[in-house]
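All heavy atoms count here, side chains included; hydrogens, waters and symmetry mates do not. A, B, ... follow the sequence lines: proteins, then strands. Residue 1 opens every chain.
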Number of protein chains: 4
Amino acid sequence: MAKSKNTNKSKSSSQAQSFPPGRIKIAESLKSLLEEKEFGAITTAEIAKVAGVSEALIYKYFKDKRALLYQVLKEYLDQYRMQFELDIKGIKGALNKLRKLVWTHIYVYANNRVLAKLIFLEVRSFPDYYQSETYQWVKKEYSKRLLDIIDEGIRNGEIRDDISPKFIRQVILGGIEHVCLREVIFDQEIFPDELSENLCRLIFEGIERKTAGS
Amino acid sequence: MAKSKNTNKSKSSSQAQSFPPGRIKIAESLKSLLEEKEFGAITTAEIAKVAGVSEALIYKYFKDKRALLYQVLKEYLDQYRMQFELDIKGIKGALNKLRKLVWTHIYVYANNRVLAKLIFLEVRSFPDYYQSETYQWVKKEYSKRLLDIIDEGIRNGEIRDDISPKFIRQVILGGIEHVCLREVIFDQEIFPDELSENLCRLIFEGIERKTAGS
Amino acid sequence: MAKSKNTNKSKSSSQAQSFPPGRIKIAESLKSLLEEKEFGAITTAEIAKVAGVSEALIYKYFKDKRALLYQVLKEYLDQYRMQFELDIKGIKGALNKLRKLVWTHIYVYANNRVLAKLIFLEVRSFPDYYQSETYQWVKKEYSKRLLDIIDEGIRNGEIRDDISPKFIRQVILGGIEHVCLREVIFDQEIFPDELSENLCRLIFEGIERKTAGS
Amino acid sequence: MAKSKNTNKSKSSSQAQSFPPGRIKIAESLKSLLEEKEFGAITTAEIAKVAGVSEALIYKYFKDKRALLYQVLKEYLDQYRMQFELDIKGIKGALNKLRKLVWTHIYVYANNRVLAKLIFLEVRSFPDYYQSETYQWVKKEYSKRLLDIIDEGIRNGEIRDDISPKFIRQVILGGIEHVCLREVIFDQEIFPDELSENLCRLIFEGIERKTAGS
DNA sequence: CATGAATGAGCATTCATTCAT
DNA sequence: TATGAATGAATGCTCATTCAT
């Protein structure tokens with residue numbers, strides 16, 4: 001059950017194919033090594049060997065080992081950002097959008113264990129991450145999108161207006177983290193359908209506007 | 001509030017006073033270093049320095065750095081094993097015993113962060129741990145005791161008999177882990193009273209035998 | 001007061017405008033970097049970056065990093081060679097010419113710290129420098145000119161004829177080096193007027209021909 | 001003439017033979033390498049190889065490469081400190097003591113080129129040297145001794161009392177540096193007798209008290 | 001019971017240099 | 001004329017571990 005095969009098979013993944021092959025090979029190498037062990041246990045020698053390049057090349061493309069990690073994180077996030085943008089297209093209703101978003105979020109964790117672990121464990125220990133452009137940009141993009149949908153829900157009466165939208169967002173993100181953390185850390189399978197269903201039921205019960213008639 | 005001061009003040013802790021002073025000092029040294037940083041970041045030089053002994057002595061008493069960690073883990077577990085044995089003395093009723101056990105388990109995690117982190121994070125990366133006597137022995141002792149109580153509950157009608165006792169045990173242990181993991185990882189405070197109360201309410205509702213009259 | 005601004009503003013300096021722009025940019029880049037740090041601390045990456053060219057181009061024009069240094073040295077020396085040729089034009093008397101030469105020599109050190117340091121410190125550690133054309137050619141040009149003037153002085157009775165002209169030259173060059181070395185090494189200001197005045201007074205007293213009547 | 005063989009043949013040099021052989025070999029190794037090249041050009045690998053030990057051992061005994069350099073410097077200074085203490089014993093008259101001190105100082109530079117270069121060139125680039133105990137201690141020991149003698153000279157009328165003793169000390173130390181710097185840098189021979197004679201004549205003429213009768 | 005001395009293997013990182021295009 | 005891509009060989013430094021005493 002555990003140790004599910006992940007998704008970075010996408011050699012030709014998200015970045016606009018403009019990078020030199022060496023750089024791509026290095027990033028892919030780290031991605032594949034992250035499947036097996038944590039970042040701290042991976043050496044530059046290993047990265048270079050798996051990538052089939054010299055260690056020196058790593059430092060041509062990345063300031064240091066950590067900058068490489070951030071790049072990998074960024075690539076993963078980029079890849080899913082597009083997915084997120086497409087995902088809520090055509091969905092009517094704020095709650096439905098939220099439901100879809102929650103499902104996708106959990107689905108991403110379910111299918112990309114490396115990304116999940118990176119976000120849950122690795123990145124928190126590096127205080128400089130929070131200054132990195134990757135973080136800033138995710139924060140802006142994803143967090144804002146979430147807030148917009150909540151606002152929309154409040155405006156059109158789907159969501160109660162007596163709770164701060166930011167607090168609602170906090171609860172949603174905390175909830176997602178909560179239902180996935182255990183599984184991510186212990187390499188157990190995540191079932192997006194079930195988890196998102198339960199989570200949404202719980203949260204929506206709290207945030208939905210109770211109209212007089214219903 | 002988080003980052004609570006821990007409990008390994010017990011210099012003269014559990015082991016039957018039989019160990020030579022050097023060995024004890026080394027184990028205590030690692031314990032105190034584990035309060036500050038994770039095992040991987042602790043060097044043998046540090047351990048020796050804090051213990052006030054030579055590095056070589058570590059290898060007289062322990063096969064390697066990891067064997068020392070297992071010893072420390074064992075000492076902690078020993079220490080709490082006694083506590084567990086005393087704890088349910090005089091308690092009537094399987095559910096009450098379980099309640100006490102859950103509370104104590106969570107309480108241990110709340111008060112010995114080092115042990116909690118060891119169990120949750122450190123030890124899982126060492127596959128050989130599961131072969132170690134420490135693990136085998138804890139598994140037998142603690143797990144068995146739990147099962148005994150569940151069996152007792154089934155026998156005396158407190159607990160429904162249509163669920164496998166082992167499954168019930170699994171749910172209890174998983175539940176405890178579940179409600180503590182997040183806090184342990186992110187160094188947030190754990191409130192044993194609240195957590196065990198909620199957890200027990202949830203679980204007992206499911207496992208309690210619903211007698212006609214009640 | 002020390003750390004005087006230097007003179008390699010002469011972008012279009014001595015070389016007969018024949019070099020391709022890339023080559024010129026590389027040499028100028030090294031010159032400007034030498035103002036800030038010593039040769040050993042300058043990397044080819046830096047040189048290329050400041051020059052605005054690729055690292056590879058350096059190796060198109062120069063055998064290696066050191067050959068580039070020799071080229072820079074040569075350019076500086078070229079630049080001052082012209083100055084030396086013009087300088088003694090129109091001056092009457094060997095001693096006056098020598099005085100002018102000494103002043104100019106010191107003046108060059110005072111105003112081009114990079115050149116001074118190159119000559120005093122950098123170049124001596126590279127034994128192959130003494131085989132380089134740059135060295136051979138300077139030796140011939142400048143040293144010979146000096147000797148010619150001394151000879152002229154002896155011939156026309158200004159300078160005593162009982163000391164070998166080469167020894168006199170040696171004393172003059174040694175003296176110049178002597179009065180500048182300390183300042184160059186410790187980055188202290190050099191005062192050409194004062195230093196050359198004192199040096200000439202000292203040396204000329206020794207080499208001047210004492211005629212009966214004077 | 002240049003490149004005179006130096007004096008660190010003293011394998012069993014100054015330190016109280018209490019150091020382990022590895023540490024001694026490392027220090028001696030650096031000393032011998034400093035005869036050939038400057039500190040910056042010496043690698044830890046070389047030091048270890050010449051010493052016949054592993055690179056790791058260097059870091060057992062010294063914080064880093066620079067700390068090793070300071071240790072070497074300290075050993076040299078220690079060695080000569082004893083010499084200085086004995087040297088002025090039994091000499092009458094402050095000027096005679098100063099003369100002896102100047103001679104010995106120059107003699108040390110003449111016979112230990114490595115030490116001389118260390119002091120003149122290497123150590124100035126490391127700002128942290130001036131915080132090192134080695135520096136503080138030399139400053140105190142040697143500088144103070146010099147000042148004491150000058151004071152003594154002023155008290156007994158040998159030295160004029162209208163110039164600050166510290167200024168006199170400054171002139172003496174600057175003078176010694178002045179007459180040795182060139183030779184040290186260019187690896188030319190130093191003649192202590194001649195240099196100290198000339199230097200003392202020059203300085204003493206200025207600082208000696210001109211009594212009415214003389 | 002304890003240690004002083006020593007190290008092999010590895011670490012992230014740097015840099016001058018090469019070569020196909 | 002110019003460069004993008006790549007690297008071999010170091011560099012200073014760390015650490016768990018061994019062994020004679």
note: I47(B), atom CD1; dT17(F), atom C1'; distance rounded to Å ~ 13 Å

From NZ of K49(A) across to P of dA12(E) the rounded distance in Å is 15 Å

Would you call L34(D) and L69(D) a side-chain contact if the rule is heavy atoms closer than 4.5 Å?
yes

Worksheet item: What nucleic acid atoms does Y61(D) come within less than 4.0 Å of, heavy atoms only: base, sugar-phosphate, or nothing?
Response: sugar-phosphate

Are Y59(C) and dT17(E) close enough that a side-chain N or O sits under 4.0 Å from OP1 or OP2?
-> yes

Here the distance between atom C1' of dT21(E) and atom CG of L57(C), to the nearest Å, is 15 Å

The side-chain contact (heavy atoms from CB on, under 4.5 Å) partners of A51(D) (sequence neighbours excluded) come to K25(D), I26(D), S29(D), V53(D)

Discussion item. Contact between K31(B) and Y76(B) at the side-chain level, heavy atoms closer than 4.5 Å - yes or no?
Written reply: yes

Problem - Phosphate OP1/OP2 of dA12(E): any K65(A) side-chain N/O under 4.0 Å - result: yes

For T43(A), report the nucleic acid contact type (base, sugar-phosphate, nothing); a contact means any heavy atom under 4.0 Å.
sugar-phosphate

With five pairs defining each end axis, the helix from dA2(E)-dT21(F) to dT21(E)-dA2(F) comes out bent, to 10°, by 30°

In the structure I gave you, are the side-chain heavy atoms of E46(B) and E36(B) within less than 4.5 Å of one another anywhere? no

Separation of dA6(F) atom C1' from R23(A) atom CZ, nearest Å, is 15 Å

inquiry  = Within the structure provided, determine whether L115(B) and E75(B) are in side-chain contact (heavy-atom separation under 4.5 Å).
reply    = no

Of K60(B) and T44(C), the one whose nearest nucleotide on DNA chain E sits closer to the 5' end is K60(B)

Taken to the nearest whole Å, CD1/I26(A) to P/dT7(F) is 8 Å

### Query
Heavy atoms under 4.0 Å, any strand shown: does I42(C) hit a base, just sugar-phosphate, or nothing?
sugar-phosphate

Walking DNA chain F from its 5' end, the first of E46(D) and K63(D) to be reached, judged by nearest nucleotide, is E46(D)

Whichever of A56(C) and I58(A) has the more 5' nearest nucleotide on DNA chain F, that residue is A56(C)

Shortest non-hydrogen pair, Y61(C) vs R23(C), comes out as CE1-N, 3.5 Å

Atom CZ of F39(B) and atom P of dA16(F) are separated, to the nearest Å, by 8 Å

Test the K65(A)-F39(A) pair against the cation-pi criterion, namely NZ or CZ under 6.0 angstrom from the six-membered ring centroid and within 45° of the ring axis. yes

R66(C) CZ to dT17(E) C1', in whole Å, measures 14 Å

note: E55(D), atom CD; dG12(F), atom C1'; distance rounded to Å ~ 8 Å

